[in-house]
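Beneath this line is the structure, given in structure tokens, with notes to follow.
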Amino acid sequence: QVQLVESGGGLVQAGGSLRLSCAASGRTVSSYNKGWFRQAPGKEREFVATISWSGGSTYYADSVKGRFTISRDNAKNTVYLQMNSLKPEDTAVYYCATRRGAVLSSLPGEYDYWGQGTQVTVSS
């Protein structure tokens, strides 16, 4: 079994920054691809970013490209999401997820394990 625990959410003004963390536990999690998704009230869960197991490949949603950076530290079994230049439309619950496939994916249905989420609120 794999467990994911997100942290680092909070309230920030527009233009500010936050760094989210996702600590993973369970066997072989360091070899899994990781992703970040978000869900705003009344909206579907949407893809934010993903990173390969080695950290060598990343992929971002157009809406966050150039503002957000995904990274990972396999020694700590932790993946991060650095969020800069935050906008009110970034307000959502942010989830980390992991999948066993070798190919990066932006589809929530292709992820095997999910965290409980952390709230990010950006005020205007």
Side-chain angles (χ1 to χ4, degrees):
Q1 189 71 4
V2 175
Q3 289 188 322
L4 303 173
V5 179
E6 302 97 333
S7 61
L11 174 63
V12 64
Q13 289 188 331
S17 298
L18 282 174
R19 189 176 82 153
L20 306 183
S21 299
C22 174
S25 61
R27 198 171 59 179
T28 69
V29 291
S30 61
S31 64
Y32 292 0
N33 292 341
K34 300 291 197 298
W36 285 98
F37 293 79
R38 65 187 182 186
Q39 188 166 19
K43 295 188 177 181
E44 292 187 354
R45 191 166 298 189
E46 66 171 356
F47 168 73
V48 175
T50 184
I51 188 166
S52 63
W53 70 270
S54 68
S57 297
T58 57
Y59 177 62
Y60 297 91
D62 287 343
S63 58
V64 306
K65 200 173 297 183
R67 300 188 297 123
F68 291 10
T69 302
I70 189 171
S71 62
R72 65 190 296 165
D73 183 340
N74 285 342
K76 297 181 179 179
N77 285 333
T78 300
V79 62
Y80 305 97
L81 186 68
Q82 178 67 44
M83 306 186 295
N84 299 329
S85 302
L86 282 161
K87 305 175 181 180
E89 51 264 45
D90 294 318
T91 295
V93 177
Y94 283 70
Y95 299 89
C96 72
T98 188
R99 66 186 299 268
R100 289 165 286 189
V103 177
L104 296 181
S105 175
S106 63
L107 301 177
E110 295 189 350
Y111 283 76
D112 304 297
Y113 302 99
W114 292 83
Q116 82 290 346
T118 185
Q119 176 71 47
V120 171
T121 303
V122 184
S123 63
S124 57

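The first residue in the sequence is number 1, and the count goes up from there.
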Close side-chain approach of [X] to [Y], heavy-atom, < 4.5 Å:
X	Y	result
Leu20	Glu6	no
Thr91	Arg38	no
Asp90	Met83	no

Residue pairs fulfilling disulfide bond (SG atoms under 2.5 Å apart) with at least one residue in residues 45-101, sequence neighbours excluded: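 Passing the test, one end in residues 45-101: Cys22-Cys96.
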Pair Lys65 + Asp62: basic N to acidic O under 4.0 Å: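 Counted as a salt bridge, because a side-chain N and a carboxylate O are separated by less than 4.0 Å.
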What's the shortest heavy-atom distance between [X] and [Y], and which atoms?
X	Y	result
Ser17	Asn84	OG-OD1, 2.9 Å
Ala14	Ser124	CB-CA, 4.4 Å
Gln116	Val5	OE1-CA, 3.8 Å
Leu4	Ala24	CD2-CB, 3.5 Å
Ser85	Arg67	O-NH1, 2.9 Å

Test item: Asn74 side-chain N/O and Ser54 main-chain N/O as donor-acceptor pair under 3.5 Å: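 Here the side-chain-to-backbone pair does not exist.
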Roughly how far apart are [X] [atom1] and [Y] [atom2], rounded to 0.5 Å?
X	Y	atom1	atom2	result
Gln39	Gln119	CD	CD	11.0 Å
Ser52	Ile70	OG	CD1	9.5 Å
Thr98	Ile51	OG1	CD1	11.5 Å
Ser106	Glu46	OG	CD	11.0 Å
Lys34	Ser71	NZ	OG	12.0 Å

Tyr32 and Val2: CA distance, side-chain angles, deciding distance, side chain to side chain contact (heavy atoms under 4.5 Å, CB included) verdict: CA-CA 11 Å; Tyr32 292 0; Val2 175; 4.1 Å; yes
Inter- and intrachain pairs under ring pair (Phe, Tyr, Trp, His ring centres under 6.0 Å), touching residues 59-98, at least two apart: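 Checked against ring pair (Phe, Tyr, Trp, His ring centres under 6.0 Å) - neighbours excluded - the pairs reaching residues 59-98 are Phe47-Tyr59.
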All pairs passing ring pair (Phe, Tyr, Trp, His ring centres under 6.0 Å) where residues 105-124 contributes a residue, at least two apart: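 Passing the test, one end in residues 105-124: Phe37-Tyr111, Phe37-Trp114.
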Positive for side-chain contact (heavy atoms from CB on, under 4.5 Å) with Arg99, one of Thr50, Asn33, Leu104: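 Among the candidates, only Asn33 passes.
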In one Ile/Leu/Val/Met/Phe/Trp/Tyr side-chain cluster, 4.5 Å: Trp53, Trp36: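 No; Trp36 is not reachable from Trp53 via cluster members.
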Within one Ile-Leu-Val-Met-Phe-Trp-Tyr cluster: Leu81 and Leu86, side-chain cutoff 4.5 Å: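 As far as the 4.5 Å side-chain criterion goes, Leu86 and Leu81 are connected within one cluster.
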